[in-house]
Amino acid sequence: MLDIRYLRENPVEAEARLKSRGEGVDLSRFQELDTERRGLLQEAETLKALRNRVSDEISKVKDKSQVQDRIAEMRTVSQKVKEMDERLRQLDEELQSVLLTIPNLPDPATPLGRSEEENRQVRTWGAPATFSFQPKSHWDLGEALGILDFERAAKLAGARFVLYRGLGARLERALINFMVDLHTGSHGYTEVMPPLMVNRETMTGTGQLPKFEEDLFRLVDPDFLLIPTAEVPVTNIHRGEILRRDELPLCYTAYTPCFRREAGSYGKDTRGLIRQHQFNKVELVKFTRPSESAAELEKLLADAEKVLQLLQLPYRVMELCTGDIGFSAARTFDIEVWLPAQGCYREISSCSTFGDFQARRANIRYREEEGAKPEFVHTLNGSGLAVGRTLVAILENYQQEDGTIIIPEVLRPYIGGLEFIA
RNA sequence: GGAGAGAUGGCCGAGUAGGUCGAAGGCGCUCGCCUGCUAAGCGAGUAUACUGGGAAACCGGUAUCAAGGGUUCGAAUCCCUUUCUCUCCGCCA
């Protein structure tokens, strides 16, 4: 959510900055509602002040028969106040729903651009390996090795699900443990295991609701929503809290399954593990002081990159342009891993700063100094990494001509010392 | 799922025959005083949001005692609903 005062005072600038995202945002509705609300609010509050004053006077009179006319008068005032409050409630609600659907302002550092074509390559790491044979896709490799079973998963649930089996399941689990251990052991994050289903307030706090409900899985009876990423429950850990300055930055890592409807991506990535309704991810989340968030984003990105470096998987880092960053994000770096069978880089992590956008929605604050006014923190998060896609990268990059897979060295302690999957 | 108890400021904790309660008291914290260090002591201050005025310092108004609604001139206090917490019983990985 954007600062209502900023929108009120700088509507032209705000519209221009939002326009750089590609979708035009019309603030005229906001301005109408805001003006009406403030006018009515003043009227209502004046009446309330009168009522409070007169009620006070009434309380001081012992013989109430002397103030019957005043009581009657206040009865009318109260009735009027009630009507105004009802209208105010409506206005507030509408204003909120307008505000909640306005995306974040792109950070000034975010490059201008219309679509992903104009994303900026920041760096590459490692070189795509050359194969003396035609590299196979991970789904062919996985099925041949008996470690990925898409057909039976479809029987159990439907399309876009997978059944990991044997060393496939073991490898997935090894990757999860490797990543979480790295981030807690070497990068200073605190591990958390949050609920996988959450309520609507939580989904609103990080920006999934009200705009993107069609992307989410929902439970019918208690109205729970399945998390599309651990960002949601972990960022909401401190919703409504005032944090102490000396505990910032707060850094959390969480392994969770993620659930996504993937509505609107019907033709895309229909084969293999790339786009699933349920997938595993290790997430990194930070709460920082505003002045430190830019530096913390760099560190978070480096922490995610470290996973690929240790696994010796070639990748590149892309900075998303204004037309490609997500609804809540102000600035985003994607890490894309090299997939030889597809002959391209594919996203495996997305690291963003949200500025105070989520903090304002979720009301997460801190005090810069003892006794100072609370300010909003900045929130950041990134995948560290998407586990299924990491497994894809390992299968495809570490494959050998006979279809067996070499296990990256750093992973071997997590998989009983095994050197390859055959 | 059944029976009962509860939810007050950063924390603890008063306050239920409705008005003098944004809310006693304590702790914590901030500033000052005092004591040749430390501890103790003394004094003052210490919620948030919205909103009006002001360049600002600041001044005014409204709201907030889990959330929402009701009764009333007036609600932390009375009534209803919801959520959450705790205790006991049942069920259960």
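Computed over heavy atoms, backbone and side chain alike; hydrogens, waters and symmetry mates excluded. Within every chain, numbering begins at 1; the chains are lettered A, B, ... in the order of the sequence lines, protein sequences first and strands thereafter.
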[atom1] gap between [N] and [M], integer Å:
N	M	atom1	result
rC79(B)	rU16(B)	P	14 Å
rC12(B)	rG90(B)	C1'	36 Å
rC65(B)	rA75(B)	P	11 Å
rU51(B)	rA44(B)	C1'	30 Å
rA17(B)	rA7(B)	P	16 Å
rU82(B)	rC59(B)	P	45 Å
rG54(B)	rA67(B)	C1'	37 Å
rU64(B)	rA23(B)	P	14 Å

For the CZ atom of R38(A) and the CZ atom of R8(A), what is their distance to the nearest 0.5 Å?
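The distance works out to 4.0 Å.
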
Who passes side-chain hydrogen bond (donor to acceptor under 3.5 Å, both in side chains) against D26(A), sequence neighbours left out?
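Counting only residues at least two positions away or on another chain, D26(A) forms a side-chain hydrogen bond (donor to acceptor under 3.5 Å, both in side chains) with S28(A).
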
Classify the nucleic acid contact of [X] as base, sugar-phosphate or nothing, counting any heavy atom under 4.0 Å across all strands shown.
X	result
L41(A)	sugar-phosphate
R8(A)	sugar-phosphate
R367(A)	sugar-phosphate

Y345(A): which residues meet the ring pair (Phe, Tyr, Trp, His ring centres under 6.0 Å) condition with it, sequence neighbours left out?
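Per chain and number, Y345(A) pairs via ring pair (Phe, Tyr, Trp, His ring centres under 6.0 Å) with W338(A).
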
Ignoring hydrogens and angles, tell me if any N or O in the side chain of N199(A) forms a donor-acceptor pair with the backbone of T202(A) under 3.5 Å.
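Judged by distance alone, yes, a pair lies under 3.5 Å.
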
Given 3.5 Å as the limit, does a donor-acceptor pair link the side chain of S59(A) with the main chain of D56(A), or not?
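Yes: the side chain of S59(A) pairs with the backbone of D56(A).
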
Before we go on, tell me: are the rings of F357(A) and F327(A) under 6.0 Å apart, centre to centre?
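That pair passes the under 6.0 Å test.
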
Side chains of S350(A) and D334(A): any donor to acceptor distance under 3.5 Å?
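Looking only at side-chain atoms, S350(A) and D334(A) do form a donor-acceptor pair, the distance falling under 3.5 Å.
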
Short side-chain donor-acceptor distance under 3.5 Å, Q358(A) and E231(A)
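Present: a donor and an acceptor within the cut-off.
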
Given RNA chain B, 5'-ward residue of the pair S78(A) and R365(A), judged by closest heavy atom:
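By nearest-heavy-atom nucleotide position, the 5'-most residue is R365(A).
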
Start at the 5' end of RNA chain B and walk down; is the nucleotide closest to I242(A) or to N52(A) reached first?
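The residue mapped nearer the 5' terminus is I242(A).
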
Reading RNA chain B from 5' to 3', where do the contacts with chain A start and stop? Cut-off is 4.0 Å to heavy atoms.
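The footprint of chain A covers rG19(B) to rG74(B).
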
On the 0 to 90° scale, with breaks at 30° and 60°, tag the Y189(A)-H187(A) ring pair as parallel, tilted or perpendicular.
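Judged by the thresholds at 30° and 60°, the geometry between Y189(A) and H187(A) is perpendicular.
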
Look at the aromatic rings of F161(A) and H277(A) and report parallel, tilted or perpendicular, splitting at 30° and 60°.
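F161(A) and H277(A): tilted rings.
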
Reading RNA chain B 5' to 3', how would its secondary structure be written in dot-bracket notation, given Watson-Crick and G-U pairs with both distances under 3.5 Å, brackets [ ] for crossing pairs and | for partners on other strands?
((((((((.[[[..)...(.....]]]((((((.......))))))(((((((....))))))).[[[[[..)....]]]]])))))))....

Does anything in residues 59-72 of chain A reach RNA chain B, meaning a heavy atom under 4.0 Å, and if so which residues?
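By residue number: S59(A), K64(A), I71(A).
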
Picking from L175(A), V387(A), L391(A), what satisfies side chain to side chain contact (heavy atoms under 4.5 Å, CB included) with N280(A)?
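For N280(A), the side chain to side chain contact (heavy atoms under 4.5 Å, CB included) check succeeds only for V387(A).
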
Listing request: all salt bridge (charged side-chain N to carboxylate O under 4.0 Å, His left out) pairs with a residue in residues 279-288 of chain A, at least two apart in sequence or in separate chains.
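Found K281(A)-E283(A), K286(A)-E296(A).
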
